[in-house]
Trainee: 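Quick one: the structure is below, questions incoming.
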Protein chains: 2
Amino acid sequence: MAFTTNATITTFGGKLFKLTHASSTTTTPMNLNLYLPPQALSTTNPTKVPLLIYLSGLTCTPDNCSEKGFFAHRASALGLALLYPDTSPRGLNYPGEDDAYDFGSAAGFYIDATQPPWSTGYKMESYITRELPAALFGDAEFGRYLDGDRVSITGHSMGGHGALTLYLKNPGLYKSVSAFAPIANPVNCPWGQKAFAGYLGADDKEAWKRHDATELVRGWKGGDLKALVDVGTGDNFYKQGQLLPENLEAAAKEAGVEGLTVRYHEGYDHSYFFMSTFSDDHVDHAAKHLGLL
Amino acid sequence: MAFTTNATITTFGGKLFKLTHASSTTTTPMNLNLYLPPQALSTTNPTKVPLLIYLSGLTCTPDNCSEKGFFAHRASALGLALLYPDTSPRGLNYPGEDDAYDFGSAAGFYIDATQPPWSTGYKMESYITRELPAALFGDAEFGRYLDGDRVSITGHSMGGHGALTLYLKNPGLYKSVSAFAPIANPVNCPWGQKAFAGYLGADDKEAWKRHDATELVRGWKGGDLKALVDVGTGDNFYKQGQLLPENLEAAAKEAGVEGLTVRYHEGYDHSYFFMSTFSDDHVDHAAKHLGLL
């Protein structure tokens with residue numbers, strides 16, 4: 001399905017498009033933002049640019065990071081497109097869908113739910129890995145700007161969980177991965193346990209593990225992990241044990257997986273003030289593996 | 001009066017302080033944000049850093065630009081503090097204070113009102129040029145980080161009007177000025193006419209001129225203006241004649257005033273997407289005149 005353009009905003013020499021399309025996966029309209037750098041839009045020498053997908057955290061829409069993440073600053077210099085999908089289907093009106101910030105709307109956790117009623121529309125894993133890129137790269141208006149063979153993924157908090165797990169589950173689909181304050185071991189934290197119980201069933205703990213970065217990294221056979229993770233030591237969710245990046249580090253080490261860099265930044269919190277400080281670094285990390293650096 | 005610290009946020013290697021103090025000028029509590037770069041906070045080699053004051057536009061609080069302007073990106077690299085004052089007194093409960101986005105709350109226009117009831121508390125010119133810097137530079141906690149002799153000023157929209165007029169009225173107080181999409185000739189635009197009629201009286205047009213950058217630049221005797229102005233050609237307020245930067249340019253030219261650079265950027269709008277694209281440039285402009293570059 002084609003994309004409807006709700007707004008076109010000039011920024012950092014390129015353009016940010018606020019888009020909507022009808023998703024057959026979620027059965028709803030889905031919003032997303034797409035940033036195209038000046039290199040893609042050049043009228044004299046247009047270049048198909050690689051893409052960095054940014055998965056947002058709990059409560060977010062595509063707009064939060066577009067406004068406050070500062071990724072376009074460095075992406076513009078290097079010639080990298082940015083894709084900001086939404087965090088869940090919206091408006092399905094399932095019972096309880098809007099009752100909590102950490103389940104239902106804006107809390108899709110980038111998995112395909114198996115439990116009714118969520119299993120009908122809450123299929124964010126399929127949406128992000130299959131329907132959305134296929135629609136975008138095949139789109140008559142936007143596809144010509146993008147090199148669908150060069151894609152990396154990043155994300156924040158719940159979106160960091162999403163980036164890490166979609167990367168680990170799909171070797172070769174993305175050229176690299178990074179995450180800010182990811183929920184790195186959801187089967188062992190309250191946010192993950194609540195979401196996985198609701199979407200996957202309270203009893204099927206083996207299913208939970210198939211969506212947990214710390215469990216998945218143990219089975220990684222893809223060589224150098226090409227993974228960068230940043231965490232703030234002043235992050236209250238880190239201190240409360242929602243993120244557990246040390247568990248991811250330990251699992252990678254035990255499994256002999258190389259190429260995971262986890263950095264702890266003194267005093268930084270969970271906010272966009274943290275992310276925007278290091279978004280240049282995450283763009284550089286992706287750019288290195290996408291052939292831009 | 002001392003400042004109350006409501007939040008301390010680590011970002012771009014420094015700290016953003018969300019502060020409140022009791023203002024005798026506005027007769028209200030006033031919020032402000034202060035960013036201190038790492039050079040000021042160094043425990044081994046602390047440096048008194050110069051300050052760039054950023055005046056916000058209509059509807060804004062100190063938070064908007066702190067979150068979306070990305071001035072800290074470049075200020076952090078160069079060692080420049082950033083001050084984000086509020087845009088008006090709040091909570092005076094004058095009749096009509098909260099009725100419009102362009103008059104009253106969040107629309108103080110950086111002038112001292114002469115018309116009752118506004119003349120009691122709406123004294124943003126005195127607050128920004130006198131009370132706030134005196135309080136900050138003399139503060140026991142924050143004063144030691146700041147070099148009160150090296151201050152520049154910038155702003156957006158209504159705050160661009162504020163930056164330009166406070167600079168032009170006070171030669172020597174600020175080392176340079178810049179503005180994004182400023183209301184450059186308020187006596188000739190609807191926003192300015194409404195505000196000046198309300199705060200200064202509908203009939204005293206001579207008083208209006210004393211707060212108009214285009215009028216003030218005609219009398220500038222301070223030499224090189226050291227002024228940078230950026231405007232987006234896709235800015236609806238520019239297209240509607242609210243900004244009138246050409247009038248400022250023409251007046252400077254007629255008066256033989258040198259050192260005004262006005263740049264028109266194709267397609268950019270009035271938003272923080274525009275400002276954040278060029279905030280590095282405005283920090284560099286200030287830094288050059290503050291001895292940092």
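Protein chains get the first letters and strands the later ones, always in sequence-line order, with residue 1 at the start of each. All values below were derived from every heavy atom in this structure, side-chain atoms included, with hydrogens, water molecules and symmetry-related copies excluded.
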Trainee: Within this structure, what is the NZ-NZ distance for the pair A:K68 and B:K68, rounded to the nearest 0.5 Å?
Mentor: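 These two atoms lie 8.0 Å from each other.
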
Trainee: Applying a criterion of heavy atom separation less than 4.5 Å, what residues of residues 262-293 of chain A form contacts with chain B?
Mentor: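 Against chain B, the residues of residues 262-293 of chain A that fall inside the cut-off (heavy atoms, under 4.5 Å) are A:E266, A:G267, A:Y268, A:D269, A:F273, A:S276, A:T277, A:D280.
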
Trainee: Do the rings of B:F12 and A:F70 sit parallel, tilted or perpendicular, given the 30° and 60° boundaries?
Mentor: perpendicular

Trainee: Within residues 234-242 of chain A, which residues come under 4.5 Å of chain B, heavy atom to heavy atom?
Mentor: none

